[in-house]
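In what follows, a single structure is set out as structure tokens and then discussed.
Along the sequence shown, residues are numbered consecutively beginning with 1.
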Amino acid sequence: MKSCWSAIAIGIAWCLAWGDKREPQFEIGVLQEMRRALNSGEEVPENVREIVDRVQKLLNIPENFAQGDFPETITDLRSKYPDLWDVTERISLVYGGATKIKQYVFEAAKLPDIRGASALLDQINLIDLPALFGREPTVCDIYPDSQDCQEARNWCQQVRQWLDTCYLENANYPKFSEVLIPELIIYSTGGNILAFCPAAFVDELANAIEKRYTERTLTANSCAVGEKFRLLELRFGLLRDENQPWLDWYLRQDVHTNPLVEAYFGSSRDKQSKQNKTLQQLTQAFQDRKNFNELAGKLAALFQQRRNGNEGLEVNRSSRRYPAMYETHPYLIRDENEHRSAVILEDKLPGRPYLSESLRRQRIIGDKAKKEQESQWYQDTEIDKNWQPGFVESWVSKFKQFLQDSGRWQDYYLGIPENRVMEAKRLEEIGKASRSDQIFPKQNLLKYSITSSNGFVGYISADVNNMGGYIQKQIKTPQQYQQFSQDVLQVMESAVYTALVTHLNPRRLENLTEPESINRNGKIVHPFEILAIGGDDILLIVPADKALEIAQTIGSEFEKQLAEVRNGLYGLPETHDDRSVHRYQVESVKSSGCKLSMSVGVLITDYKTPIYYAQGLYGQLLKSAKEQAKSLKERDNYYGGTVDLLTMKSVTMISSNVKEFREQGLTKEIRSSKFKRYAAPYTLYELGGLIEAVKALKVSEFPRSQLYQIRSLLEQGKETAILNYRYFRTRLKSREQKNILKTYFEEPWCQAKTNNGNIAPWMFREKAYETIWQDFVDLYPFIDETDMASANKKPVTTEANS
């Protein structure tokens with residue numbers, strides 16, 4: 001073997017060399033030597049060379065066959081790869097992770113507990129589960145000699161020891177930790193893990209994954225399943241025997257037109273009817289299904305069945321039908337969340353709360369994630385000494401590392417010593433943090449205005465569009481699975497950090513009134529909270545005055561950076577053109593350049609709004625944005641991202657859901673014409689135009705009273721609103737102010753369909769009149785126009801909520 005092998009290939013060779021029994025068919029030393037040799041490109045031991053050759057033959061099978069090269073019958077497949085067909089050793093795949101994540105994370109009412117629940121799941125997903133296989137956290141790759149790295153290594157060693165104690169083996173068998181190696185992991189991001197495993201240990205590994213979640217959290221739900229497969233199935237999907245239906249069967253007219261067959265092979269999504277499909281298209285559809293992705297699909301189905309509590313699926317494993325119950329006595333003191341039995345009165349915390357064991361663990365992990373020594377109140381507690389917080393990697397620590405690697409440290413800190421900047425602990429601190437000239441040098445005031453969100457925060461929830469469809473059509477091998485998961489996670493993190501450093505800087509805490517926060521007035525904090533980045537979703541909380549700009553940057557940076565990964569692997573052809581889909585039309589409009597994009601839901605609300613209530617609303621906004629993205633893709637071949645937003649200035653503003661609120665409260669029919677006093681959801685490009693339009697409205701000094709008056713006149717129809725808008729526009733003080741409004745609002749947003757004029761404040765789209773004026777009114781207090789004002793040399797109003 002002269003070339004270094006990929007991690008996935010080494011994992012496959014390890015499983016085959018181990019065999020189907022608990023005791024390996026070769027000495028452990030031989031297996032470890034094989035692994036070392038494959039990593040370094042040296043010769044492998046003689047007794048495992050045949051196994052390595054089989055894996056090499058599997059790797060040599062092309063990912064995409066040329067026309068006519070794909071085996072047409074199952075006999076052709078067997079005769080073409082006899083050495084792989086006859087392999088008797090099985091390879092197991094294990095898939096598992098947390099379930100009902102939102103139920104666990106948002107069962108608490110306060111941000112410290114929510115942060116702790118999210119951090120605890122991140123610890124299990126990103127540190128503990130990979131540690132079962134001997135993989136160290138990324139901090140050890142970046143800073144191998146740091147204190148964090150040493151703490152992480154010690155914790156990973158404890159996790160491996162825990163794995164061995166879970167399953168005490170016969171003295172003749174190796175330890176469980178010796179069975180698993182890092183190369184077995186395909187991916188471990190976003191709350192799920194997919195990994196290879198020697199066949200005899202598949203049930204034990206699945207049980208260990210579920211057990212880890214339960215022992216660490218007590219109340220979080222989890223599920224893990226495993227299945228054994230043949231070697232050739234890793235490339236050609238599920239195989240039974242010589243009677244396996246294959247391509248020749250699928251090409252029959254009565255088969256591929258059958259609705260069930262058509263749905264299974266995914267061709268029902270194609271617009272072209274099956275009767276008109278060519279032989280090449282049918283063969284491609286069959287190849288797209290018969291690959292490693294089919295194995296992952298089977299595991300996903302088993303996962304769902306076990307999650308639902310179905311019995312009889314796995315003979316050697318206990319059922320999940322009866323989850324753990326934590327009963328409480330009616331006369332016992334309970335905690336403040338789920339009313340579980342309290343185990344401790346914590347005097348060192350503000351308010352002296354009663355904590356149950358599960359809530360205590362969340363609070364400890366949440367405080368440890370903040371990396372503040374003075375808040376480690378839990379070190380002297382006497383409750384459950386067998387449970388340790390372990391190593392927790394803070395999102396802010398990762399953000400700082402990004403600042404160093406990208407060279408943008410000074411752009412964010414602006415000369416402020418890093419040790420003066422703390423992490424925001426509560427929603428009030430994010431909503432009331434404000435920039436001050438006492439923090440920033442005076443030469444930076446033109447670039448960084450003195451603004452405040454006045455107690456409002458922005459929830460940003462983002463999700464990757466059409467990820468399942470992309471995987472089904474484009475991902476065909478374990479290597480591609482691993483590569484894809486790594487690429488998406490790295491780009492998601494980079495997009496979030498880029499947005500934060502572009503639009504935020506440290507802020508000073510002022511006017512705090514909550515008992516838990518009042519003693520922190522005057523401190524400087526990072527004004528954001530990252531709750532989750534992983535898998536295909538993002539959740540963070542930021543100051544309201546920068547929420548829309550951060551959301552727009554996250555979506556656009558995700559597309560931009562992902563399109564550049566691996567020499568444009570995820571990019572669209574340069575000939576792709578979807579510019580006509582945007583309602584905001586200027587000369588600089590560009591087509592989306594990436595096959596994947598993000599939908600984003602943005603909720604701006606008071607920090608006092610209950611988090612569980614906000615979670616329901618921004619979830620609806622995200623769903624609406626994803627529906628819009630799907631509709632635009634099907635209708636206009638649009639691959640870009642979408643954003644839905646809502647500004648809620650009172651908790652009682654919406655009594656139902658967002659969709660009903662818009663249909664019943666903001667939609668009206670007048671003389672057979674439909675008028676919608678809203679324009680959301682927006683494309684990412686349209687959101688950028690909306691932000692610029694609000695800035696222009698503020699710079700033009702459009703009177704606030706007239707702003708509200710035009711909004712009220714929208715209910716009376718097209719002509720009345722247009723007439724009043726033009727009247728108020730003529731009363732602006734100067735020609736320069738009028739030109740700003742015309743350039744940023746009227747011409748790009750409100751062009752007429754039949755002439756060169758405009759119908760401001762309306763725009764016509766899909767047999768209905770829409771307007772962004774409602775968003776003008778709602779977003780006016782939360783958009784900082786300083787950069788546009790300085791560019792136009794106009795006086796700047798810095799009072800964010802006047």
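- With ring centers used as reference points, Tyr612 lies 6.0 Å or more from Phe106.
- Residues Glu418 and Trp409 bring no donor and acceptor atom of their side chains to less than 3.5 Å of each other.
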**Prompt:** For Asn154 and Gln158, what are the C-alpha separation, side-chain angles and deciding distance, and is it a side-chain hydrogen bond (donor to acceptor under 3.5 Å, both in side chains)?
**Reply:** CA-CA 6 Å; Asn154 293 339; Gln158 292 183 40; over 6 Å; no
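- Among the candidates Ile541, Leu548, Val600, the single residue satisfying the side-chain contact (heavy atoms from CB on, under 4.5 Å) test with Ile460 is Val600.
- At least one donor-acceptor pair closer than 3.5 Å links the side chain of Lys626 to the backbone N or O of Val464.
- Counting heavy atoms from C-beta on, the side chains of Gln362 and Glu107 come closer than 4.5 Å.
- Gln552 places no side-chain N or O within donor-acceptor distance of the main-chain N or O of Leu687, the cut-off being under 3.5 Å.
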**Prompt:** So Trp162 and Glu215, side-chain hydrogen bond (donor to acceptor under 3.5 Å, both in side chains) or not? Walk me through it.
**Reply:** CA-CA 11 Å; Trp162 169 87; Glu215 286 199 2; 2.8 Å; yes
**Prompt:** When you look at Arg361 and Glu357, which way does the salt bridge (charged side-chain N to carboxylate O under 4.0 Å, His left out) test go after all the steps?
**Reply:** CA-CA 6 Å; Arg361 296 182 180 188; Glu357 180 59 25; 3.0 Å; yes
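- Side-chain contact annotation: Asn125 with Tyr213, donor-acceptor N/O pair under 3.5 Å present.
- With hydrogens and angles ignored, the 3.5 Å screen pairs no side-chain donor or acceptor of Arg408 with any backbone N or O of Leu403.
- Annotation: side chain of Leu126 is not in contact with side chain of Thr138 (no heavy-atom distance under 4.5 Å).
- A salt bridge links Arg520 to Glu429: at least one charged side-chain nitrogen sits closer than 4.0 Å to a carboxylate oxygen.
- For the residue pair Asp778/Thr647, the side-chain donor-acceptor check at 3.5 Å is not satisfied.
- Around atom NZ of Lys560, no more than 12 heavy atoms belonging to other residues, nucleotides or ligands sit under 6.0 Å away.
- Across all their heavy atoms, Ile365 and Pro389 have their closest contact at CD1-O, 3.4 Å.
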**Request:** Determine, step by step, whether Asp606 and Lys649 satisfy the salt bridge (charged side-chain N to carboxylate O under 4.0 Å, His left out) criterion, reporting the C-alpha distance in whole Å, the side-chain angles of both residues, the deciding distance to 0.1 Å, and the verdict.
**Result:** CA-CA 7 Å; Asp606 192 280; Lys649 297 183 178 179; over 6 Å; no
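- Counting heavy atoms from C-beta on, the side chains of Leu622 and Asp644 never come closer than 4.5 Å.
- For Asn505 (side chain) and Asp411 (main-chain N/O), a donor-acceptor pair under 3.5 Å exists by modelled atom type.
- Applying the 6.0 Å contact sphere to OH of Tyr354 captures no more than 12 heavy atoms from other residues, nucleotides or ligands.
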**Message:** Using the rule given for side-chain contact (heavy atoms from CB on, under 4.5 Å), can you reason through Phe776 versus Leu690, listing the C-alpha separation, both sets of side-chain angles and the distance that settles it, and then say yes or no?
**Reply:** CA-CA 8 Å; Phe776 274 177; Leu690 174 65; 4.2 Å; yes
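- No side-chain donor-acceptor contact under 3.5 Å links Glu692 to the backbone of Tyr744.
- Checked by atom type and distance alone, the side chain of Ser556 pairs as donor or acceptor with a backbone atom of Thr553 at under 3.5 Å.
- With respect to the salt-bridge test (charged N to carboxylate O, under 4.0 angstrom), the residues Arg507 and Asp545 qualify.
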**Message:** Checking Glu516 against Lys110 for the side-chain contact (heavy atoms from CB on, under 4.5 Å) test, could you report, in this order, the C-alpha distance in whole Å, the side-chain angles of both residues, the deciding distance, and whether it holds?
**Reply:** CA-CA 11 Å; Glu516 297 89 346; Lys110 298 181 179 179; 3.9 Å; yes
Can you list, pair by pair, the side-chain donor-acceptor contacts under 3.5 Å of residues 526-535, counting residues two or more places apart and other chains?
from	atom 1	to	atom 2	distance (Å)
His526	ND1	Tyr412	OH	2.8
Glu529	OE1	Arg115	NE	3.3
Glu529	OE1	Arg115	NH2	3.2
Glu529	OE1	Lys370	NZ	3.1
Glu529	OE2	Arg115	NE	3.0

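- Checking side-chain atoms of Asn521 against main-chain N and O of Asn511 turns up a donor-acceptor pair under 3.5 Å.
- Here the CD1 atom belonging to Ile430 is positioned 13.0 Å from the NZ atom belonging to Lys425, to the nearest 0.5 angstrom.
- No donor-acceptor pair under 3.5 Å is formed between the side chain of Glu151 and the backbone N or O of Gln147.
- Defined by atom type and a distance below 3.5 Å, a donor-acceptor pair is present between the side-chain atoms of Tyr682 and Asp775.
- Of all the heavy atoms in Ile538 and Ile554, the pair that sits closest is CD1-CG2, 4.1 Å.
- For the atom pair OG (Ser461) and CG (Asp537), the distance works out to 7.0 Å, reported to the nearest 0.5 Å.
- Around the NZ atom of Lys623, the shell of radius 6.0 Å holds no more than 12 heavy atoms that belong to other residues, nucleotides or ligands.
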**Asked** Can you list the steps and then say if Lys695 with Glu549 is a salt bridge (charged side-chain N to carboxylate O under 4.0 Å, His left out)?
**Response** CA-CA 12 Å; Lys695 290 180 179 180; Glu549 292 171 287; 3.3 Å; yes
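- Looking only at atom types and distance, the side chain of Ser599 has a donor-acceptor partner in the side chain of Thr642 under 3.5 Å away.
- The shortest distance between side-chain heavy atoms of Arg426 and Pro112 falls below 4.5 Å.
- Remark: the backbone N or O of Glu393 is not paired with any side-chain donor or acceptor of Ser397 at under 3.5 angstrom.
- Here the side chains of Val643 and Glu686 are not in contact, with every heavy-atom distance at 4.5 Å or above.
- With sequence neighbours excluded, the residues satisfying side chain to side chain contact (heavy atoms under 4.5 Å, CB included) with Cys149 are Cys140, Ser146, Arg153.
- By the 4.5 Å heavy-atom criterion applied to side chains, Thr609 and Leu603 are not counted as neighbours.
- Residues forming a side chain to side chain contact (heavy atoms under 4.5 Å, CB included) with Ser494 (at least two apart in sequence, or on another chain): Phe402, Thr498, Gln561.
- Residues Tyr459 and Gln615 form no side-chain contact, since every pair of their non-hydrogen atoms from C-beta on lies 4.5 Å or further apart.
- Checked against a 6.0 Å centroid threshold, the rings of Phe456 and Phe782 count as neighbours.
- For Arg363 against Pro353, the heavy-atom pair with the smallest separation is NH1-CG, 4.3 Å.
- A donor-acceptor pair is defined here as one N or O able to donate and one able to accept, closer than 3.5 Å; such a pair exists between the side chain of Ser394 and the backbone of Ala369.
- Between Val525 and Ala433, the shortest heavy-atom distance links the atoms CG2-CB, 4.3 Å.
- For the pair Trp395 and Asp122, the tightest heavy-atom approach, listed with the atom from each and the gap, is NE1-OD2, 3.4 Å.
- At least one side-chain heavy atom of Leu697 sits less than 4.5 Å from a side-chain heavy atom of Leu707.
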**Item:** Verdict with supporting geometry, Thr214 and Asn221, side-chain contact (heavy atoms from CB on, under 4.5 Å)
**Value:** CA-CA 7 Å; Thr214 302; Asn221 288 270; over 6 Å; no
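- For the pair Lys698 and Tyr780, the cation-pi test (distance below 6.0 Å, angle within 45°) is passed.
- In terms of heavy-atom proximity, Ala696 sits nearest to Ile740 at CB-CG2, 3.6 Å.
- Side-chain atoms of Asp128 and Trp155 form a donor-acceptor pair, as typed in the model, at a separation below 3.5 Å.
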